[in-house]
Amino acid sequence: MSALGPEDIMSTTTAETACEHGYITDKTRYFSRLRRIEGQARGIQRMVDEEQYCIDILTQISALTGALQNVAVGSLEDHLRHCVADAARTGGDVAEEKIREASQAIGRLIR
């Protein structure tokens, strides 16, 4: 399996993703998490600018990585519960495509 490049992601049409995205109901929670992550990234930039101790910076990078992984896993779970489940009910090529997409996404997450 090859990972999708930015051009592949950008070429995805609305018809290909025509399911109700699971994150829609938790959009506020996702925005809150992403704002915290953004703040953590800015904090790391500030630490580098202030030439703080390397281990402290690495500790913050680890926390940021964990936060991003939590968002990714939550998003994947939402995708499986909504888009993949809807496609499975539809069956056929639509189901196969959503399962393939989910498998590729999982592959990218575990690398």
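These numbers come from the heavy atoms of this one structure, side chains and all, not from hydrogens, waters or symmetry mates.
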Handout entry: Path from Val84 to Val73 over hydrophobic side-chain contacts below 4.5 Å
Key =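 In one cluster with Val84: Val73, no.
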Problem - Nearest non-hydrogen partners of Ala88 and Ala95, listed with the distance - result: CA-CB, 4.0 Å
Handout entry: Considering all heavy atoms, the nearest Lys98-Cys83 contact
Key = CG-O, 4.1 Å
Practice task
Decide side-chain contact (heavy atoms from CB on, under 4.5 Å) for Asp78 and Tyr30; before the verdict, give the C-alpha distance in whole Å, the side-chain angles of both, and the deciding distance to 0.1 Å.
Solution key: CA-CA 12 Å; Asp78 287 341; Tyr30 275 101; 2.7 Å; yes
Handout entry: Thr59 side chain vs Ile55 backbone, donor-acceptor pair below 3.5 Å
Key =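 Yes; judged by distance alone, with no hydrogens or angles, the pair exists.
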Problem - side chain to side chain donor-acceptor pair (under 3.5 Å) assessment of Arg100 paired with Gln104 - result: CA-CA 6 Å; Arg100 185 185 61 76; Gln104 288 177 341; 3.0 Å; yes
Practice task
Only counting residues at least two apart or in another chain, list the ones meeting side chain to side chain donor-acceptor pair (under 3.5 Å) with Gln52.
Solution key: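 Scan of Gln52 (side chain to side chain donor-acceptor pair (under 3.5 Å), adjacent residues dropped) gives Glu50.
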Per-pair distances, 0.1 Å, donor-acceptor, side chain in residues 62-69, under 3.5 Å, sequence neighbours excluded:
| from | atom 1 | to | atom 2 | distance (Å) |
| --- | --- | --- | --- | --- |
| Thr65 | OG1 | Ile61 | O | 2.9 |

Completion exercise
Taken in chain and number order and not counting sequence neighbours, the residues that satisfy salt bridge (Lys or Arg N to Asp or Glu O under 4.0 Å) with Arg89 are Asp86
Handout entry: Residues which pass salt bridge (Lys or Arg N to Asp or Glu O under 4.0 Å) with Arg81, listed by chain and number, not counting sequence neighbours
Key = Glu77
Output a table of donor-acceptor pairs, distance under 3.5 Å, between side-chain atoms of residues 32-43 and any protein atom two or more places apart or on a different chain; print 'none' if there are none.
| from | atom 1 | to | atom 2 | distance (Å) |
| --- | --- | --- | --- | --- |
| Ser32 | OG | Arg36 | NH1 | 3.4 |
| Glu38 | OE2 | Arg42 | NH1 | 3.4 |

Exercise for the section: With rounding to the nearest 0.5 Å, note down the distance linking CG in Asp49 to CD1 in Ile44. Expected result: 13.5 Å
Practice task
Working to the nearest 0.5 Å, report the span between CD1 of Ile99 and CG of Leu80.
Solution key: 9.5 Å
Exercise for the section: Output every pair passing salt bridge (charged side-chain N to carboxylate O under 4.0 Å, His left out) with a member in residues 60-71, not counting sequence neighbours, ordered by first then second residue. Expected result: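 Every pair satisfying salt bridge (charged side-chain N to carboxylate O under 4.0 Å, His left out) with a residue in residues 60-71: there are none.
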